[in-house]
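Chain letters run A, B, ... following the sequence lines, proteins first, then strands; residues in each count from 1. No hydrogens, no waters, no symmetry mates; every other heavy atom, side chains included, goes into these values.
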Number of protein chains: 2
Amino acid sequence: MTEKYLSRPEEILLLAVWKLRENAYGLAIRNFIQEMTGKYWSVGAVYVPLERLENRGFLKSHTSDPKPERGGRRKRLFQLTRAGLRELDELNRINAVLWQDYRRLRPEENT
Amino acid sequence: MTEKYLSRPEEILLLAVWKLRENAYGLAIRNFIQEMTGKYWSVGAVYVPLERLENRGFLKSHTSDPKPERGGRRKRLFQLTRAGLRELDELNRINAVLWQDYRRLRPEENT
DNA sequence: AGTATGTTCTATGGCATAGAACAAATAGGG
DNA sequence: CCCTATTTGTTCTATGCCATAGAACATACT
């Protein structure tokens, strides 16, 4: 394979990190994604690939200080690396190409 | 999981079948996809998931008559089922939601 | 203690991917 | 006219990695 692209879960996770900005930690990402997609995501389905994305260099993380709230534990905050951003741009480009005709020729209806 | 969505290769394959219409058979799909994505796809990376998509009810196929051309063998022509189309619509919808902010807030540049 | 928020750990099955093997049609030189 | 080479196409199957689930663990407040 020339160079593999991101899987769908990985794409969604990176986008979530991008959107949540300084508040991108595991559970927040999970909630966010569940709302966006309308589907259930197990805890593992979030944390495991996040780890992998960090190892591959698309994300970096650091641990926050605990907050004085009920259950306010330290959080592991994620951030896109330059490579991660580049990857999103690339995906965005490919997506646009892939879907352009479909969007144009197949409006709302669903039959 | 509420109901799993298509993987990226599956998404790309369905879109290719949709675009190629009455000419959607294995090798044509492969060529098409390689051009669209600019990446190498092995034969297996095309046929194996096509099979799976048919088993799951997103595609149906029939065998064409052989053509009187060099190597003009029977082809296995694929077609989207109603469920397959529905799935593409659904993906299209989710994609739009996922990417809308990114597209708006992050134009061409890549830094 | 009890409850809420958060992360780590680890097992399992399924999918992605590669590429050899197989099949069948025509071309074309002897 | 064969018979072999070439072209186009599909099937088969092995391997590793990823997706996903959920229990276990950690820690802060009440």
**OP:** Could you check whether B/Gly44 gets within reach of a base, just the sugar-phosphate, or nothing at all, counting any heavy atom under 4.0 Å?
**Re:** base
**OP:** Classify the side chain of A/Arg74 and the base of C/dT7 as holding, or not holding, a donor-acceptor pair under 3.5 Å.
**Re:** no
Original post:
CG of A/Asp65 versus P of D/dT27: gap in Å, rounded?
Top reply: 14 Å
**OP:** Take atom NZ of A/Lys67 and atom P of C/dG6, then tell me their distance rounded to the nearest Å.
**Re:** 11 Å
Subject >> Short side-chain N/O contact to D/dT11 OP1/OP2 from B/Arg76, under 4.0 Å >> reply: yes
**OP:** Check the hydrophobic clustering (I, L, V, M, F, W, Y; side-chain heavy atoms under 4.5 Å; chains of links allowed) and say if B/Val97 and B/Tyr102 are grouped together.
**Re:** yes
Original post:
Should A/Arg73 and A/Pro66 count as side-chain neighbours, where that means a heavy-atom distance under 4.5 Å?
Top reply: no
**OP:** Could you tell me whether the side chains of B/Thr63 and B/Arg74 share a donor-acceptor contact shorter than 3.5 Å?
**Re:** no
Original post:
When clusters are formed by joining ILVMFWY residues with side-chain heavy atoms under 4.5 Å apart, either directly or through shared neighbours, do B/Phe78 and B/Leu20 land in the same one?
Top reply: yes
Subject >> Contacts of type salt bridge (charged side-chain N to carboxylate O under 4.0 Å, His left out), residue B/Lys75, not counting sequence neighbours >> reply: none
Original post:
Between the base of C/dA25 and the side chain of B/Arg73, is there a donor-acceptor distance below 3.5 Å?
Top reply: no
Original post:
So, is A/Tyr25 close to the C/dT7 phosphate, meaning a side-chain N or O under 4.0 Å from OP1 or OP2?
Top reply: no
**OP:** Would you indicate what A/Pro49 reaches in the nucleic acid, counting non-hydrogen atoms under 4.0 angstrom: base, sugar-phosphate, or nothing?
**Re:** base
Original post:
Quick one: is C/dT17 close enough that its OP1 or OP2 comes under 4.0 Å of any side-chain N or O from B/Ser42?
Top reply: no
Original post:
Just checking A/Glu51: base, sugar-phosphate only, or nothing, at a heavy-atom cut-off of under 4.0 Å?
Top reply: nothing
Original post:
Could you state the CD1-C1' distance from A/Ile33 to D/dA21, rounded to the nearest angstrom?
Top reply: 16 Å
**OP:** Would you mind telling me which of C/dA18, C/dC15, D/dT8 lies closest to the side-chain atoms of B/Leu27?
**Re:** D/dT8
**OP:** Would you mind telling me which of D/dT10, C/dT26, D/dA19 lies closest to the side-chain atoms of B/Arg70?
**Re:** C/dT26
Subject >> Whole angstrom value for the distance that separates C1' of D/dC17 from CG of A/Asn55 >> reply: 14 Å
**OP:** Among D/dA28, D/dC18, C/dG19, find the nucleotide with the atom closest to the side chain of B/Tyr40.
**Re:** C/dG19
**OP:** Would you mind reading off the distance between B/Lys75 atom NZ and D/dT7 atom C1', rounded to a whole angstrom?
**Re:** 12 Å
Subject >> A/Ser7 side-chain N/O to D/dA19 phosphate OP1/OP2 under 4.0 Å >> reply: yes
Original post:
Nearest-Å distance, CZ (B/Phe78) to P (D/dG9)?
Top reply: 14 Å
Subject >> Nearest-neighbour nucleotide for the B/Ala45 side chain, C/dT17, C/dT5, C/dC15 considered >> reply: C/dT17
**OP:** Examine C/dC9: is either OP1 or OP2 under 4.0 Å from a nitrogen or oxygen in the side chain of A/Tyr47? Give yes or no.
**Re:** no
**OP:** Would you mind reading off the distance between A/Leu59 atom CG and C/dT7 atom P, rounded to a whole angstrom?
**Re:** 14 Å
**OP:** Let me know the distance between CG of B/Leu53 and C1' of C/dG14, rounded to the nearest Å.
**Re:** 14 Å
Original post:
Between A/Arg52 and D/dA19, is there a side-chain N or O to OP1/OP2 distance below 4.0 Å?
Top reply: yes
Original post:
Of the options B/Glu10, B/Lys60, B/Glu87, which is the one that meets B/Leu53 in a side chain to side chain contact (heavy atoms under 4.5 Å, CB included)?
Top reply: B/Glu10
Subject >> Proximal nucleotide (of D/dT11, C/dT7, C/dA18) relative to the B/Val43 side chain >> reply: D/dT11
